[in-house]
Amino acid sequence: MGLQLYNSLTRRKEEFKPLEKGKVGIYVCGPTVYGHAHLGHAKSYVSFDVLVRYLRYLGYNVTYVQNITDVGHLTDDADEGEDKIAAAAKREKKHPMALAEYYTRSYFEDMDRLNCVRPDISPRASGHITEQIDLVKTLLEKDFAYEVNGSVYFDVSKFNGYGKLSGRNIDQMIAGARVEVSPDKKNPADFALWKKAEPNHIMQWPSPWSMGYPGWHLECSVMSMKYLGKTIDIHGGGLENQFPHHECEIAQSEAANGVQFVKYWVHNNMVTVDGQKMGKSLNNFITLKQAFSGAHERLTRGYNPIAVRQLILNSHYRSPLDFSDASLFAAQSGYNKITETVKALRKAITSDTGSRPDEQIAEQLTQLRQKFEAAMDDDLNTSIALSVMFELVRLTQKLLDDKNTTAATFNLVDVLFTRLGGDCLGIVEQEYPLEGAADSELMNKLVNVLIEQRNEARRQKDYTRADELRNKLDDIGIALEDKSEGTTWRTK
RNA sequence: GGCGGCGUAGCCAAGAGGCCUAAGGCGACGGUUUGCAAAACCGUUAUUCGCCGGUUCGAAUCCGGCCGCCGCCUCCA
């Protein structure tokens with residue numbers, strides 16, 4: 001069957017076929033870096049990360065491009081308003097480029113923690129001004145655009161495919177327009193390709209029309225073309241960008257090149273927090289740093305970034321996802337279960353090279369792998385893929401209880417955890433640091449001193465003392481577990 | 001006003017005409033284990049898929065109506 005992807009352009013699942021055999025070019029709309037990344041970014045970029053990972057698992061040579069928007073994205077509608085970066089820079093009293101750099105780093109940091117693979121290319125809009133000017137020139141030459149007072153607009157009426165992605169028609173939108181239309185525009189749906197800057201605007205560049213800056217939609221077209229070609233395999237982004245952003249990208253790209261811009265449009269759905277749209281005014285706006293640390297009044301604790309990732313993968317990328325403390329808590333428990341199982345499994349793998357894997361188990365593992373792949377092939381059904389991981393957890397625990405399980409069998413199981421849970425889903429790590437996550441060896445030694453004290457008390461049958469030690473550690477978030485091979489600890 | 005989505009157990013969430021007397025996770029409860037716990041394991045937890053009607057031999061899945069929730073259309077991932 002092969003990978004089926006839901007294509008927003010055709011509104012149905014289609015078999016994925018790359019333009020060039022064995023190779024995939026994918027462009028994903030990146031963040032506008034004027035603030036820390038939030039839960040919405042997490043859902044979006046984890047979803048596309050899994051797509052990229054799965055394409056690579058299938059053997060494709062993937063080029064993953066994700067832009068960084070550091071200029072041109074306005075705070076207001078109808079191409080009026082301020083530049084988001086400029087506005088935030090003023091607020092934080094920073095140079096716009098310093099602000100963009102700061103939040104770009106913050107973004108990568110958060111994405112790293114979510115275990116998202118870095119894009120192959122992370123182009124900045126501000127680094128592609130000349131290319132953007134060139135595209136505007138082409139559109140003017142081909143009469144798809146017009147200049148007014150130093151600004152250039154795309155003439156939507158000249159491009160008859162406008163609306164094909166979002167299923168809208170221009171007349172409808174004019175009727176429903178709630179915004180005061182710029183007097184410069186011929187048609188309310190026209191959008192800015194180049195904006196003339198006010199003299200005090202820091203970010204401005206010379207162009208044939210004015211000192212100014214590019215319109216927001218332009219950067220994606222330009223950078224997509226530059227790094228992946230005039231027609232690309234996959235373009236991803238959030239559903240809210242389907243209109244107008246992606247619609248505008250299609251218009252300007254196809255008008256300029258005369259060929260199809262994108263073969264498969266993939267859109268992921270939005271998040272809500274406690275059942276409502278996430279917004280600063282609702283006090284439910286949660287950044288990733290807050291989710292990881294727990295520093296938000298809606299959260300009772302901090303959550304492991306991979307647990308956040310796992311929660312995202314628990315539902316389908318095209319379904320909306322509601323974040324709540326309860327859903328995060330549930331994901332954290334599930335994440336712990338998988339992680340602890342993998343750790344125990346890896347501990348059980350010895351250097352015994354002579355053993356052979358159990359054939360029945362090998363057969364079961366093959367079936368699990370097939371179920372996983374079938375789920376992922378079906379438009380990335382990560383919910384089922386994740387359930388396979390839990391089936392694997394149960395099987396592993398059974399094998400761990402069985403003294404006859406060979407090292408070779410454990411190895412086979414680990415291969416599945418590593419390939420499916422690790423490479424594809426990104427929830428199983430290659431290596432886990434010391435017991436207790438990010439803690440130092442010193443910490444480990446320290447806790448072991450206390451464990452030794454408690455075990456001494458237990459030997460003396462002084463259970464009051466033993467329980468007191470355990471409770472005190474529990475209070476500071478360290479859980480002790482007495483196992484047949486000794487007492488272990490982990491952070492909660 | 002225009003466009004779209006959703007409503008499945010206490011909670012999250014798959015399933016999209018017969019394999020469903022409905023995956024998986026969380027939680028809860030009972031058991032095994034334990035000094036007691038924890039973790040792990042075993043078992044229980046929806047005869048039913050918002051409501052009402054229809055199509056069909058057969059519907060959670062298709063159609064119609066109603067109710068409820070949400071999103072986009074304006075910056076957002």
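Naming convention: chains lettered A, B, ... in sequence-line order (proteins, then strands); numbering from 1 in each chain.
- Within a 6.0 Å sphere centred on CG of A:Asn160, heavy atoms belonging to other residues, nucleotides or ligands number 12 at most.
- Annotation: cation-pi pair A:Arg12/A:Tyr6 absent, no NZ/CZ under 6.0 Å from the ring centroid and within 45° of its normal.
- The side-chain hydrogen bond (donor to acceptor under 3.5 Å, both in side chains) check on A:Ser327 picks up A:Ser324, with sequence neighbours excluded.
- Every residue meeting the ring pair (Phe, Tyr, Trp, His ring centres under 6.0 Å) condition with A:Tyr264, not counting sequence neighbours, appears here in chain and number order: A:Phe16.
- Under the side-chain hydrogen bond (donor to acceptor under 3.5 Å, both in side chains) criterion, A:Asp358 pairs with no residue at all, not counting sequence neighbours.
- Here B:C73 is the nucleotide among B:A14, B:G24, B:C73 with the atom lying nearest to any side-chain atom of A:Phe243.
- By the 6.0 Å and 45° rule, A:Lys94 stacks over the aromatic ring of A:Tyr102.
- Every residue meeting the side-chain hydrogen bond (donor to acceptor under 3.5 Å, both in side chains) condition with A:Asn336, not counting sequence neighbours, appears here in chain and number order: A:Gln332.
- In this structure, the side-chain hydrogen bond (donor to acceptor under 3.5 Å, both in side chains) partners of A:Gln367, at least two apart in sequence or on a different chain, are A:Glu363.
- When the ring pair (Phe, Tyr, Trp, His ring centres under 6.0 Å) test is applied to A:Tyr45, the partners found at least two apart in sequence or on another chain are A:Tyr107.
- To the nearest angstrom, C1' of B:G71 lies 13 Å from CG of A:Asn268.
- In RNA chain B, runs of at least 3 consecutive Watson-Crick or G-U pairs, each pair with both distances below 3.5 Å, span B:1-7 with B:67-73, B:10-12 with B:24-26, B:27-32 with B:40-45, B:50-54 with B:62-66.
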Letter per nucleotide, 5' to 3', of nucleotides 35-40 of chain B [B base touched, S only sugar-phosphate touched, - untouched; heavy atoms, 4.0 Å]: BBBBSS

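- Heavy atoms from other residues, nucleotides or ligands lying under 6.0 Å from CZ of A:Phe329 number 12 at most.
- Applying the salt bridge (charged side-chain N to carboxylate O under 4.0 Å, His left out) test to pairs two or more places apart or on separate chains, those with a residue in residues 104-115 of chain A are A:Glu101-A:Arg105, A:Glu109-A:Lys289, A:Asp110-A:Lys289, A:Asp112-A:Arg118.
- Taking 4.0 angstrom as the limit, A:Lys277 places a side-chain polar atom (N or O) nearer than this to OP1 or OP2 of B:C72.
- Nearest nucleotide to the A:Ser333 side chain, out of B:G71, B:A13, B:C26: B:C26.
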I'd like a table of atom pairs between the protein and nucleotides 15-21 of chain B - only N or O on both sides, under 3.5 Å - with the distance next to each one.
from  : atom 1 : to       : atom 2 : distance (Å)
B:G15 : OP1    : A:Asn381 : ND2    : 3.0

Under 3.5 Å between N/O atoms: give me all the protein pairs with nucleotides 7-12 of chain B, atom names plus distance.
none

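- Every residue was checked against the ring pair (Phe, Tyr, Trp, His ring centres under 6.0 Å) condition with A:His316, not counting sequence neighbours, and none meets it.
- Rounded to whole angstrom, the span from the CD atom of A:Glu240 across to the C1' atom of B:G4 amounts to 14 Å.
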